[in-house]
2 protein chains.
Amino acid sequence: MKAAHLKPDAYAANCPTRQILDRVGDKWAVLILLLLRSEPMRFNQLRRAIEGISQKMLSQVLKSLERDGLLRRRAIATVPVTVEYSITPLGLTLAEAVDPLRDWAEQNLKEVLAAQRRYDAQRKPLEAA
Amino acid sequence: MKAAHLKPDAYAANCPTRQILDRVGDKWAVLILLLLRSEPMRFNQLRRAIEGISQKMLSQVLKSLERDGLLRRRAIATVPVTVEYSITPLGLTLAEAVDPLRDWAEQNLKEVLAAQRRYDAQRKPLEAA
DNA sequence: CGGTATCCGCCATGATACTG
DNA sequence: CAGTATCATGGCGGATACCG
């Protein structure tokens, strides 16, 4: 960080909204939250459910979500240790705030894709060998 | 991309919601949409309003948002060319779907920060020389 | 099982220079 | 004013190996 000269405008990085949007934009975070909304899950259970996430990333994002108070980690001292992750009330409210976005996505994906096709159709012809 | 074996679960990358969440998580995209919600703006006007975005990134994200049909670009053939960006009806609905998230962020930032402090307080002492 | 540690490649981003 | 082109870099994330 440097130039914090004196630019306290709402569009600076210190805007609270930005932090949350980054969270939500995180490739895995919301996915995990939505999974845990249904039921608590164990580490490798999440790993298998998501399919494609690396152990490192899962561990990392889980820690980060726990740090933010969005989920809770509970270690059970069984023979091979068992760890259960569950969503917190706070996490639940965030998940709910994401719902409108989910709905928007489902309702408007077609239109977005159509817009993309239209846009691309305007450009491609220009470079048609 | 590889292992697309046969995992059409909703938690795969092809989920429409993921694309939208990525959009929203984009460092600048939503910021721009929210700015344009108030009024149309020109390129350098946006650049100055955001303060910290590079010319390259602004150009890139604007193009991307235009491609998605979320904003409209209008070039006016003045002496030095003028380009005006304005939000589309579609973009407006997305901006509105983001509002609950904004609200959540503002209402719960304190609690998130508190959770972070609590979490950090548990770990730091362990490595306190 | 549930992680951490390490190494490393690649892509996203920034800085800079140039153009219509 | 509104970009594009090129180059450099750093950090995100995957792969692998190892530990409690």
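Each chain gets a letter, A, B and so on, in the order the sequences are listed, and its residues count up from 1. Heavy-atom basis, side chains included; hydrogens, waters and symmetry copies ignored. Owing to the predicted nature of the structure, the values given are computational and were not obtained by experimental measurement.
- Closest to the side chain of Q60(B), from the set dG2(C), dT13(C), dG14(C), is dT13(C).
- Note: CD (E84(B)) to P (dG3(D)) measures 12 Å, nearest angstrom.
- Within the model, atoms CG of D26(A) and CD1 of I32(A) stand 8.0 Å from one another, a figure rounded to the nearest 0.5 Å.
- When each of dG14(D), dC1(C), dA2(D) is scored by its nearest atom to the side-chain atoms of Q55(B), the top-ranked nucleotide is dA2(D).
- Considering only side-chain atoms of K56(A), the nucleotide from dC7(C), dG2(C), dA2(D) that sits closest is dC7(C).
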L34(B) and R102(B): CA distance, side-chain angles, deciding distance, side chain to side chain contact (heavy atoms under 4.5 Å, CB included) verdict: CA-CA 11 Å; L34(B) 295 182; R102(B) 266 184 68 94; 3.7 Å; yes
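- The distance from atom NZ of K27(B) to atom P of dT13(C) is 8 Å, rounded to the nearest whole Å.
- Taken from CD in Q122(A) to CZ in R67(B), the straight-line distance is 13.0 Å, to the nearest 0.5 Å.
- For the pair I76(A) CD1 and dG3(C) P, the interatomic distance rounds to 11 Å; values are reported in whole Å.
- Taking only side-chain atoms of S59(B), from C-beta outward, the nucleotide of dG14(D), dC7(D), dG3(D) with the closest atom is dG3(D).
- Residue R42(A) is classed as a sugar-phosphate contact, given heavy-atom separations below 4.0 Å to backbone atoms only.
- As judged by a 4.0 angstrom heavy-atom cut-off over every strand, V81(B) is placed among the base-contacting residues.
- Contact annotation: Y85(B) side-chain N/O to dC1(D) OP1/OP2 distance is not under 4.0 Å.
- Note that OG1 of T88(A) and CZ of R72(A) are 9.0 Å apart. Values are rounded to the nearest 0.5 Å.
- In this entry the distance linking CG of L58(B) with C1' of dG3(D) reads 10 Å, nearest Å.
- Across the protein-nucleic acid pair, I53(A) atom CD1 and dG14(D) atom P stand 8 Å apart, rounded to whole Å.
- Rounded to an integer number of Å, the gap from W28(B) CH2 to dT13(C) P is 10 Å.
- With the nearest nucleotide of DNA chain D identified for both P80(A) and T82(B), T82(B) has the one nearer the 5' end.
- Near DNA chain C, meaning a heavy atom under 4.0 Å away, the residues from residues 61-75 of chain A are K63(A), R73(A).
- Rounded to an integer number of Å, the gap from I32(A) CD1 to dG2(C) P is 14 Å.
- In this structure, the side chain of T82(A) does not engage the main chain of I76(A) through any donor-acceptor pair within 3.5 Å.
- Atom P of nucleotide dG3(C) and atom CZ of R123(B) are separated by 10 Å, given to the nearest angstrom.
- Of the inter-residue distances, the one linking M41(B) atom CE with I50(B) atom CD1 reads 8.0 Å to the nearest 0.5 angstrom.
- Side-chain N or O atoms of R18(A) include one that pairs as donor or acceptor with a backbone N or O of K27(B) at under 3.5 Å.
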